[in-house]
Amino acid sequence: MTEEFFIAFGDEPEQRRPRRPAGGRSPRKRRRRRRNRAVLAGMLTLFLLAGAGAVVYLGFDRVKGWFGTPDYTSADGTAEVTLEIPEKATGARMAEVLKAKDVIASEQAFLDAWEENPKAATIQPGHYRLRLRLSAADAITMLLDPARRIVKGVTVREGLSSFKIYKLLSEKLGIPEADFAAAGKDPVKLGVPESWFDRDGRKVTKSVEGFLFPDTYEFPPDVTARSALETMVRRFLAVTGELKFTESVRGGLKVAPYEMLIVASLAQAESGTAADLPKVARVAYNRIFQPKAGVCTCLEFDVTINYWRETKGLEPIGSGKMTSAEQNDKKNPYNHNVLLLPTPINNPGRAALAGAAKPAKGGWYFFVAIDQKGNSAFSTNYEQFCRDNDIAVRNKKLARNSCD
């Protein structure tokens, strides 16, 4: 600023303060600034020393979560929790489940451990008992341990009736048999679509029989009678969907899906080998839908008689001991002379369902098991059937010729 400027405003030049160089500071301010820097440095030193102490006291794994991905140490976990890994769960979905139960500290820690463990992708769905507050790596190790998996496994073999399945499930799951019988009264409530009971206008007896798919099941710890049967029905629908069961072309025969299921149950009961399943199915279709002169337009299967006995709580009768009166009892809706059974008589497996959906080609109306391996001989006429019976007697498969 010029001297003339100050004069113009009444300031004398000798009254002006000495000017400091641009950017300069007074000695007092410089001393104050140095003091502030020393205080800040001291505070920072104390903070770093405190942080180092925390690392030593708490452990590096926990403190590093302040600056990186949070993760527990295995020593953190002692209590246990039960959780479920859903079907088809991804690593990210598993991380969500584990984090929600406080098994792991963070989802990212689990995903990092997942990437480092090549076996992680083999973790199975189901219920597990795990410790709380685990490191992500140890959580994966426990999920891979079969001993940590809570399993109520039950194997239901092909051809069991619903009554036998109820008894088996009751024994294995510790649930009263009566609970299964009550749950099985309404198949639609268990998930069977109403469309399965459409028999082209013919009378239908709704039953869960046939819809309880035989398989090995791993039921959850909180399983109920109803949820167990619902699981089996869902499996049935999945398998028949894969087989395109209701869409199959059946040689021009007009067969409702429920009738196909009935035939599948007959094949399952009567076939001694897997190879014979589609042949027995063909015999049933021929008798029901392609009647032949001189051949009874009826099934004449002894297994249907025994199913009726089972519904009444009675023991089965061997074919050789079954009387004509028992075979032809008109009070029995499953008797020899019935053309269309009211319901399936058991729960067929995949091969029997496939055999009913795509039966073998042949003009057979008769068959008989002829050896101890379960092989059957199939024939188009009664005379050949009687000769096949002689073979069965010689092989000690039959006690006597059923034609006598």
Side-chain angles (χ1 to χ4, degrees), residues 84-88 124-127 149-199 204-243 245-246 256-269 303 306-308 310-313 334 341-354 356:
E84 181 183 8
I85 299 298
E87 289 280 348
K88 300 180 181 179
Q124 297 297 306
H127 287 74
R149 196 154 179 252
I150 304 171
V151 175
K152 286 190 174 182
V154 182
T155 297
V156 179
R157 63 178 176 82
E158 294 89 343
L160 291 183
S161 68
S162 59
F163 309 105
K164 289 185 173 69
I165 289 175
Y166 297 161
K167 183 178 181 181
L168 173 66
L169 294 179
S170 176
E171 293 171 352
K172 296 293 185 180
L173 302 179
I175 299 172
E177 193 173 335
D179 289 3
F180 290 100
K185 285 184 178 179
D186 190 339
V188 175
K189 286 184 178 179
L190 292 176
V192 180
E194 282 278 6
S195 58
W196 271 90
F197 300 107
D198 181 3
R199 296 183 73 170
V204 174
T205 301
K206 292 182 182 179
S207 171
V208 76
E209 199 73 76
F211 295 99
L212 303 177
F213 188 77
D215 206 344
T216 296
Y217 293 91
E218 294 182 354
F219 295 110
D222 58 350
V223 65
T224 64
R226 183 185 181 88
S227 65
L229 298 186
E230 287 173 338
T231 298
M232 299 181 76
V233 168
R234 283 196 298 273
R235 182 72 178 126
F236 169 86
L237 295 175
V239 171
T240 52
E242 294 168 7
L243 294 173
F245 189 77
T246 61
Y258 196 51
E259 289 161 355
M260 291 174 60
L261 183 57
I262 291 171
V263 169
S265 73
L266 289 170
Q268 186 72 74
V303 289
N306 278 325
Y307 179 73
W308 173 247
E310 189 173 4
T311 65
K312 299 300 181 182
Y334 297 84
L341 299 179
T343 70
I345 62 171
N346 59 43
N347 293 273
R350 179 185 285 267
L353 291 168

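Note that the structure is predicted; figures quoted are calculated from it, not measured.
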Which pairs would a plain distance check flag for residues 234-242, meaning a side-chain donor or acceptor within less than 3.5 Å of a matching protein atom at least two apart in sequence or in another chain?
| from | atom 1 | to | atom 2 | distance (Å) |
| --- | --- | --- | --- | --- |
| R234 | NH2 | T231 | OG1 | 3.2 |
| R235 | NE | D215 | OD2 | 2.8 |
| R235 | NH2 | D215 | OD2 | 3.4 |
| T240 | OG1 | F236 | O | 2.9 |
| T240 | OG1 | L237 | O | 3.2 |
| E242 | OE1 | R350 | NH1 | 3.4 |
| E242 | OE1 | R350 | NH2 | 2.7 |

If every non-hydrogen atom of [X] is compared with every non-hydrogen atom of [Y], which pair is closest and at what distance?
X: Q268; Y: A352; value: OE1-CB, 3.3 Å
X: P214; Y: G349; value: CG-CA, 3.7 Å
X: P342; Y: Y258; value: O-CE2, 3.7 Å

Do the rings of F245 and W196 sit parallel, tilted or perpendicular, given the 30° and 60° boundaries?
->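 Aromatic pair F245/W196 classed parallel.
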Using side chain to side chain donor-acceptor pair (under 3.5 Å) as the criterion, list what pairs up with [X], not counting sequence neighbours.
X: S170; result: none
X: N347; result: E209
X: T155; result: T216
X: R226; result: E230

Distance (rounded to the nearest 0.5 Å) between [X] [atom1] and [Y] [atom2]:
X: L169; Y: S162; atom1: CG; atom2: OG; result: 11.0 Å
X: F197; Y: T343; atom1: CZ; atom2: OG1; result: 10.0 Å
X: T205; Y: L341; atom1: OG1; atom2: CG; result: 10.5 Å
X: I150; Y: E218; atom1: CD1; atom2: CD; result: 12.0 Å

Tell me the side chain to side chain donor-acceptor pair (under 3.5 Å) pairs involving residues 178-187, sequence neighbours left out?
->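 Sorted result for residues 178-187: empty, none.
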Evaluate the criterion side chain to side chain contact (heavy atoms under 4.5 Å, CB included) for residue pair F211 and L261; output intermediate values, then yes/no.
-> CA-CA 9 Å; F211 295 99; L261 183 57; 3.7 Å; yes
Report yes if the side chains of [X] and [Y] come closer than 4.5 Å at any heavy-atom pair, otherwise no.
X: F213; Y: P348; result: no
X: L229; Y: V208; result: no
X: H127; Y: R149; result: no

Would you mind listing every ring-ring contact (aromatic ring centres under 6.0 Å, His included) that reaches into residues 152-182, with sequence neighbours excluded?
->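 Found none.
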Salt bridge (Lys or Arg N to Asp or Glu O under 4.0 Å): pairs with one or both residues in residues 159-171, sequence neighbours excluded =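 Passing the test, one end in residues 159-171: K164-E310.
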Contacts of type side-chain contact (heavy atoms from CB on, under 4.5 Å), residue A269, not counting sequence neighbours =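 Only V303, I345, N346 meet the side-chain contact (heavy atoms from CB on, under 4.5 Å) criterion with A269.
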What residues, two or more places apart in sequence or in another chain, satisfy side-chain contact (heavy atoms from CB on, under 4.5 Å) together with K88?
->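 Scan of K88 (side-chain contact (heavy atoms from CB on, under 4.5 Å), adjacent residues dropped) gives none.
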For E84, check salt bridge (charged side-chain N to carboxylate O under 4.0 Å, His left out) against everything at least two apart and list the hits.
->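 By the salt bridge (charged side-chain N to carboxylate O under 4.0 Å, His left out) rule, E84 matches no residue at all.
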Without swapping roles, check the side chain of Y217 against the backbone of K152 for a donor-acceptor pair under 3.5 Å.
->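 No.
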Which atom pairs, donor and acceptor, lie under 3.5 Å between side-chain atoms of residues 187-194 and protein residues at least two apart or in another chain?
| from | atom 1 | to | atom 2 | distance (Å) |
| --- | --- | --- | --- | --- |
| E194 | OE1 | K206 | NZ | 2.9 |
| E194 | OE2 | K206 | NZ | 3.1 |

